[in-house]
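A quick note: this is a predicted structure, and the numbers were derived from the prediction, not measured. Numbering of ligands and ligand atoms starts at 1, following listing order.
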Amino acid sequence: MSESQLSTNPEDYNLEEIKQDLTVIAKRAGDMMIQARSTKPAPGTLAKKNIVDLVTETDRAIEVMVSNALRQKYPTFSFLGEETYTPGTPLTTAPTFICDPIDGTTNFVHNYPNFCISLGLSINRKSVVGVIYHPSRHDLYSAIVGKGASVTHLSTNQVTQLPLQPPLPLVNLQSCLLAVEWGAERSGPNWLTKINTFNHLAASVEDGGKMVHSMRSIGSAALNFVAVARGDVDAYWEGGPWPWDVAAGWIIVEEAGGLVLDGNPPKEGDEGLAQLDSRNFLVVRGAPSGQKEVAKEFWESMKGTFNYEF
Ligand code: LIP
């Protein structure tokens, strides 16, 4: 049966079994990262589109391991991976495994402990299963559509539902702790949009800013989604992430009550929903109230900057 003939109804698949298979593969990848990190200096680091867009031999070796393991058990499923992606390849409605072998590669190169593997399954261009393994913390995050999200601490096998605490209402943007990233695009309109928005978010109210509580950069889109799902941060905003950076985190955030929205202000009357390949995201934590209001305030604060274009 060819990929195009495969059902696009998630109920036709054993998503629990798929999650278990992704979990086994993620643990293996985590061991490969820790093993590689124990050697000094970091294994062969190369620059991709510029000197801050890095890839290592370990990223490539892990992606080979992941794609071989998945193709063996799911030969008819599609595969979209960061290190084997061919520009212009569309994300179709067919069941597709979406893989970022090491998300937070710059952290990995510097042995800054925020790097992980991100493995997602999309059907109908929607994320339905997500597994993110953060080996430095032995924390494995996972979710299945409609079944909730959790973190398993592998050294104790303790499983905790997400968010970690009952979420408090979101009051306003000013009272938020935000996750943002510097990314690899450091010039041009998108760079101006980024730094002008950072400035507007952080600057004092007297100077026309929002003076948000603060902003943090974890260095990994997938771990930023995890931080939102846990409730560690109130929202995450970034222009630039690819489907492999967001697919697994997306379902983990949604199953923890959060929203994944457009990173650009939506047109009048538009809800501002994002797509897996939108390339810019505003992710808001679960809350009994205030999610949409904080998103609206955030989009307001981007007024006067360019829209992210990709
Ligand atoms: C990283 C993303 C991060 C972004 C970085 C980089 P990688 O992915 O997770 O959000 O700011 O520029 O793209 O390259 O570590 O897989």
Examine Trp237 together with Phe298 and report whether their ring centres are nearer than 6.0 Å. yes
Does any donor atom in the side chain of Asp59 or Thr105 lie under 3.5 Å from an acceptor atom in the other side chain? yes
Salt bridge present between Lys210 and Glu300 (N-O < 4.0 angstrom): no
Chain-and-number sorted residues having a heavy-atom contact under 4.0 Å with ligand 1 are Glu82, Asp100, Ile102, Asp103, Gly104, Thr105, Glu181, Gly183, Ala184, Ser220, Ala221, Tyr236, Glu238, Asp245
Given side-chain hydrogen bond (donor to acceptor under 3.5 Å, both in side chains), test Tyr133 with Asp139 step by step and report yes or no. CA-CA 6 Å; Tyr133 182 40; Asp139 284 338; over 6 Å; no
Hydrogens and angles aside, do Thr152 and Gln158 bring a side-chain donor and acceptor to less than 3.5 Å of each other? no
Run the salt bridge (Lys or Arg N to Asp or Glu O under 4.0 Å) test against Glu17 and tell me which residues pass, sequence neighbours left out. Lys73
